[in-house]
Amino acid sequence: MPTTEDLERQVFELVRAGDIATLRAVRDQVQRARARKRSRRVLRYMYDPAGWARDVIAWNPGEGLTVYQASVLDALPRKRRVAVRGPHGLGKTAQAALVVLWFATTREAAGIDWKVIMTASAWRHLSVYLVPEIRKWAKRIRWDVLGREPFSERSELLALNLKLEHGAATPVASHKPELIEGAHADSLLYLVDEAKIVPDGTWDAIEGAFSGGRTDGPPGELPEAFAFAISTPGPPAGRFYDIHRRAPGLEDWHVRHVTLEEAITAGRISREWAEQRARQWGRDSAMYANRVLGEFHASDEDSVIPLAWVEAAVERWHAWDQAGRPVLEGRRFTGVDVARAGGDSTVLAHRWGPAVVELETHDREDTMRTTARVQAATGEAGETVPVVDSMGVGGGVVDRLRELNVPVLAYTGAAKATGRTRDGEWGFINVRSQAYWRMRELLDPAYDPEVMLPPDDDLLADLTAPMWDTTTGVPPKIRVEPKEDLVKRMGRSPDKGDAVVMAFAAEWMKASAVHSPARRGQAAGPGARAASRYARPLGGGGAARSR
């Protein structure tokens, strides 16, 4: 068989001779020979994703795979099903992107019919994070090592997928398992990003598709199937958690917990960052356990509001924001937590119907300036109702706003509460307890919540930090951790959480001033309901419990 060099010399002679017909035939032979040479070069990486990443990616000085990234990649072709959990900052999305590119380029070079199905807990993770990450790393491929031209951005590396001659990498929403079940190819890869709250139906669809592809036996036997799931952990519930706890029937998954110490040793996370998050969120909080330690942990048992419920509200906010912030229905309110000391912040939580559209924070501001801000937020026609914490220095803001004829609602957390829980069985020790519990009820996924909260780590920590217990009596009452105790435990004031809670307390505060509907066990609503497509529940959990 003539070599590629022999064929190329023959092409040169034919060009000189003007023999077009023979030239075309020889050109085809050259292309086939080059393809065979390219395939042999790339095929050595078919079951060596770590080697592919080391050799094919153009790393900058000081960059490269971490020890844990290399071990995870090495496990994928051997174990076929790999699930990884760990703290923020590990480079999870980058690793997912490298897995997709390794799989696509090696199967493409081998001429194998292949598919990559990419899914995540929310479409935003695919469109905003994963696919752009794939595009970024694709531009750092050493094409000379792969022996092919760079991906065409017109026909191959597209806006939302990678489409080559023999296969494609395609994102699929996790709430559409029927699209996952329909995937068929000689070589399949399922990539599950932000896997902690991907629905069980999606996992079942993936497992069903595995029935047609080998997940055991020696590499290279077709058809074959692989699954790679990666995420920060969440509450101890759902399939991703079951996989990591080695639940019966899921033992064939290879699980990997990347620890905080591993991430620090690899230089991906600093010890100072971890310590700062411990001070910010508390070492015993679900946020610290999930995001810093990479451990499954729920705040449901002792916290008023579970972290998963707040994260679901943030996902709804992202969906609304990505849709172009369509007009919402409902009243406008502004919750105002006035700074009490130099280290605290004055926070204005601007709410429109079910959504907190903005958190406005100001440091070291006197009460007169705060009053002016609240008056401006109210609008000339008074279309926005401010709810201001009247305790301490906030009392002066309330008094001045009333002098200015601003229709302000004074929020006094220590005042006596008259409302009851949604089921009417429990009362509240004070207004603060009632306000936080109402916020819990509005976020409860058992009741089709619509509340949308902006992405803010301090806000998430503030809302999930307060603990609760109960008192005896008739009726028994719920007592939310006093703010003073919370400040001592957190080391700071939960300003953003308090402002948001006040913004959502407005309706029942206004109503209770007249006839207190809460006496009849009615729950306060979040205002007029927005269009359902901007309020789909994403979190887990259940109804309010009693104890």
Side-chain angles (χ1 to χ4, degrees), residues 49-50 68-88 90-104 115-126 129-131 133-134 169-177 179-181 183 187-211 213 215-216 224-247 249-259 290-291 294-296 308 311 538 540:
Y68 58 80
Q69 285 175 327
S71 71
V72 167
L73 291 175
D74 283 337
L76 185 57
R78 293 184 293 106
K79 303 296 186 179
R80 306 298 180 96
R81 295 178 177 89
V82 175
V84 182
R85 77 181 192 271
H88 272 301
L90 293 185
K92 292 185 290 294
T93 305
Q95 185 158 13
L98 292 175
V99 167
V100 171
L101 291 170
W102 154 74
F103 190 86
K115 279 189 179 67
V116 177
I117 302 298
M118 305 177 291
T119 192
S121 57
W123 180 258
R124 177 176 58 87
H125 292 297
L126 299 171
Y129 299 116
L130 180 57
V131 173
E133 194 76 5
I134 291 172
T170 306
V172 175
S174 63
H175 66 283
K176 295 183 177 180
L179 298 181
I180 293 174
E181 289 175 344
S187 190
L188 278 168
L189 169 65
Y190 296 94
L191 190 142
V192 188
D193 195 15
E194 287 299 321
K196 61 186 176 184
I197 53 174
V198 166
D200 287 356
T202 296
W203 295 97
D204 292 337
I206 291 173
E207 195 57 48
F210 273 167
S211 62
T215 54
D216 54 7
E224 62 184 3
F226 304 84
F228 182 61
I230 191 164
S231 183
T232 53
R239 188 65 55 83
F240 189 65
Y241 168 69
D242 288 341
I243 288 170
H244 279 267
R245 72 179 179 89
R246 315 296 290 163
L250 298 172
E251 301 91 346
D252 47 3
W253 279 84
H254 173 74
V255 299
R256 180 72 157 85
H257 173 209
V258 181
T259 66
N290 297 163
R291 301 184 179 196
E295 296 282 11
F296 291 95
E311 290 178 328
L538 302 176

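Atoms considered below: every heavy atom in the structure, side chains included; atoms not considered: hydrogens, waters and symmetry mates. None of the values given here were measured: they were computed from a predicted structure.
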Donor-acceptor contact below 3.5 Å, side chain [X] vs main chain [Y]:
{"X": "Thr119", "Y": "Val172", "result": "yes"}
{"X": "Gln95", "Y": "Gln69", "result": "yes"}
{"X": "Tyr68", "Y": "Arg256", "result": "no"}
{"X": "Trp203", "Y": "Val198", "result": "yes"}
{"X": "Arg85", "Y": "Gly294", "result": "yes"}

Quick check: closest heavy atoms across [X] and [Y], and the distance to 0.1 Å?
{"X": "Asn290", "Y": "Glu295", "result": "ND2-O, 2.9 Å"}
{"X": "Val192", "Y": "Ala195", "result": "CG1-CB, 3.6 Å"}
{"X": "Ser121", "Y": "Ile197", "result": "CB-CG1, 3.4 Å"}

Nearest 0.5 Å, what's the [atom1]-[atom2] distance between [X] and [Y]?
{"X": "Thr170", "Y": "Leu126", "atom1": "OG1", "atom2": "CG", "result": "11.0 Å"}
{"X": "Arg246", "Y": "Trp253", "atom1": "CZ", "atom2": "CH2", "result": "11.0 Å"}
{"X": "Leu98", "Y": "Phe103", "atom1": "CG", "atom2": "CZ", "result": "15.0 Å"}

With side chains defined as the heavy atoms from C-beta onward, is the minimum distance between [X] and [Y] less than 4.5 Å?
{"X": "His244", "Y": "Phe296", "value": "yes"}
{"X": "Ile117", "Y": "Leu189", "value": "no"}
{"X": "Glu224", "Y": "Ser187", "value": "yes"}
{"X": "Tyr241", "Y": "Pro233", "value": "no"}
{"X": "Phe228", "Y": "Tyr190", "value": "no"}
{"X": "Val255", "Y": "Arg245", "value": "no"}
{"X": "Trp123", "Y": "Pro171", "value": "yes"}
{"X": "Trp102", "Y": "Val100", "value": "no"}

Residues in side chain to side chain contact (heavy atoms under 4.5 Å, CB included) contact with [X], at least two apart in sequence or another chain:
{"X": "Pro199", "result": "Ser174, Thr202"}
{"X": "Asp193", "result": "Thr93, Ala120, Leu130, Leu191, Ile230"}
{"X": "Thr232", "result": "His88, Lys92, Glu194, Lys196"}

For the pair Arg81 and Glu251, evaluate salt bridge (Lys or Arg N to Asp or Glu O under 4.0 Å) and give the outcome as yes or no after the intermediate values.
CA-CA 10 Å; Arg81 295 178 177 89; Glu251 301 91 346; over 6 Å; no
Step by step, would you call His254 with Leu76 a side-chain contact (heavy atoms from CB on, under 4.5 Å)?
CA-CA 9 Å; His254 173 74; Leu76 185 57; over 6 Å; no
Kindly indicate, with the supporting measurements, whether the criterion side-chain contact (heavy atoms from CB on, under 4.5 Å) is fulfilled by Leu90 and Val84.
CA-CA 11 Å; Leu90 293 185; Val84 182; 5.5 Å; no
Worked check of salt bridge (Lys or Arg N to Asp or Glu O under 4.0 Å) between Asp252 and Arg80:
CA-CA 9 Å; Asp252 47 3; Arg80 306 298 180 96; over 6 Å; no
